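As structure tokens, the structure follows; a few thoughts come after it.
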Amino acid sequence: MTLAGCGDPRMAVPPTLAATTEPLALTGTAGWNVGRLRLGASEGRVRRSTGETRLFDTFVARRGTAEFDLAGPELSRSFAGRCGSGERETDLGVAVLPDRRFVYACQFAAIGEQPDGTLRLGEVAHGGGPLAGRTRAGDVALGATRLDIRPVHRFAGGGLPTGAPLGYSFERNGQPVGAVDLNGTSRTIHAPRQRGPERDAVLLAGLALAVMLEPAD
């Protein structure tokens, strides 16, 4: 088991995960578009990019891509993932209006096999009243295993919620089974201790979210 560094404030992890998951440090995903990554005792590669298209300086389309692979003892098999993100806006000079809000989608496949997994993440309403805003949520599926992806907006130890997610929890029937802490440069995936499809789904989803670039990056 490899623990993440302690330099960055950590995301609040659902307390029920302490007995059922192990924290695995994820390195190599912050600040680099091409490079090697390490997740616990497993290793892999990542390649990602972003781009922007403007029409008359009014209509703006932003997109991002990410590809990764990972091999080693943390997963049941060696896996690869291919992901893409996008959003569209209309810049009116005095205001910017979203035409299509941010979406992120991935496919996962065991090396040498056909894709057997997907991830979807999109913008959803968050909060209510004068503090209402938007956050991101979605789901991940791997074979017959499906988990909901829920945003986490609070630091460990309490405090006010953050505007953007600090990470995400992965839930089955409303119960957390794993999480990924994306705050700062040290990332941590809290993966189920029991080996199997659910652990694989949590690790692949956590990795896909960690390598995601914002369209404007």
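Note that this is a predicted model, so its numbers are computed, not measured.
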Quiz item: Any donor-acceptor pair under 3.5 Å linking the side chain of H153 with the backbone of T162?
Solution: yes
Quiz item: At their closest point, which heavy atom of S42 faces which heavy atom of P73, and how far apart are they?
Solution: OG-N, 3.4 Å
Quiz item: Which distance, rounded to the nearest 0.5 Å, do you find between the CZ of R195 and the OG of S76?
Solution: 9.5 Å
Self-check item: Non-hydrogen atoms of P165 and T135 that approach each other most closely
Solution: CG-OG1, 3.3 Å
Practice problem: Answer yes if L119 and V46 sit in the same cluster of Ile, Leu, Val, Met, Phe, Trp and Tyr residues linked by side chain heavy atoms under 4.5 Å apart, and no otherwise. | Solution: yes
Quiz prompt | Single-linkage hydrophobic cluster, 4.5 Å side-chain cutoff, L26 and L17 together | solution = no
Quiz item: For A208, does its backbone N or O pair with a side-chain atom of Y104 as donor and acceptor, under 3.5 Å?
Solution: yes
Self-check item: Residue pair N33 / S49, side-chain heavy-atom distance below 4.5 Å
Solution: no
Quiz item: Does the side-chain contact (heavy atoms from CB on, under 4.5 Å) test come out yes or no for R146 and D148, once each step is laid out?
Solution: CA-CA 7 Å; R146 182 190 177 280; D148 292 318; 2.8 Å; yes
Quiz item: What distance do Q107 atom CD and L204 atom CG have between them, rounded to the nearest 0.5 Å?
Solution: 13.0 Å
Quiz prompt | Side chains of R10 and S186, donor plus acceptor under 3.5 Å | solution = yes
Quiz item: When you look at V152 and Y168, which way does the side-chain contact (heavy atoms from CB on, under 4.5 Å) test go after all the steps?
Solution: CA-CA 5 Å; V152 178; Y168 298 87; 5.6 Å; no
Self-check item: L209 and L182, any side-chain heavy atoms less than 4.5 Å apart
Solution: yes
Exercise. Decide yes or no on side-chain contact (heavy atoms from CB on, under 4.5 Å) for L203 and L24, but give the supporting numbers first.
Key: CA-CA 9 Å; L203 290 174; L24 299 175; 3.8 Å; yes
Quiz prompt | R187 side, atom CZ; T27 side, atom OG1 - distance, nearest 0.5 Å | solution = 11.0 Å
Quiz item: About how many Å separate OG1 of T21 and CZ of F170, when rounded to the nearest 0.5 Å?
Solution: 11.5 Å
Quiz item: What pair of heavy atoms forms the shortest contact from L142 to G117, and how long is it?
Solution: CD1-CA, 3.9 Å
Quiz item: Are side-chain heavy atoms of V103 and L121 found at a separation under 4.5 Å?
Solution: no
Quiz item: Would you call E22-R199 a salt bridge at under 4.0 Å N-O?
Solution: yes
Quiz item: Rounded to the nearest 0.5 Å, what separation is found between the OG atom of S78 and the CG atom of D69?
Solution: 8.5 Å
Quiz item: Does the R45 side chain pair with the main chain of R47, one donor and one acceptor, at a distance under 3.5 Å?
Solution: no
Practice problem: Would you indicate whether the side-chain heavy atoms of F155 and L166 approach each other to under 4.5 Å? | Solution: yes
Self-check item: Spacing of E67 atom CD and R82 atom CZ [to the nearest 0.5 Å]
Solution: 5.0 Å
Self-check item: L37 side chain reached by L70 side chain, heavy atoms, under 4.5 Å
Solution: yes
Quiz item: Okay, side chain of D181, backbone of N183: is any donor-acceptor separation there less than 3.5 Å?
Solution: yes
Quiz item: Is there a side-chain contact between R154 and M11 (heavy atoms, below 4.5 Å)?
Solution: no
Quiz item: Which heavy atom of C83 sits nearest a heavy atom of F68, and at what distance?
Solution: SG-CE2, 4.2 Å
Exercise. Mind running salt bridge (Lys or Arg N to Asp or Glu O under 4.0 Å) on R38 and E74 for me, showing each step along the way?
Key: CA-CA 11 Å; R38 186 176 183 89; E74 305 301 352; over 6 Å; no
Quiz item: Linking I/L/V/M/F/W/Y whenever their side-chain heavy atoms sit closer than 4.5 Å, directly or via other members, would L207 and V13 fall into one cluster?
Solution: no
Quiz item: Do R136 and F102 meet the cation-pi criteria used here (NZ or CZ under 6.0 Å from the six-membered ring centre, within 45° of the axis)?
Solution: yes
Quiz item: Hey, quick one: are M212 and I189 part of the same hydrophobic cluster, counting side-chain heavy atoms closer than 4.5 Å, chains of contacts allowed?
Solution: yes
Self-check item: Evaluation steps, side-chain contact (heavy atoms from CB on, under 4.5 Å), between T118 and F108
Solution: CA-CA 6 Å; T118 59; F108 308 124; 6.0 Å; no
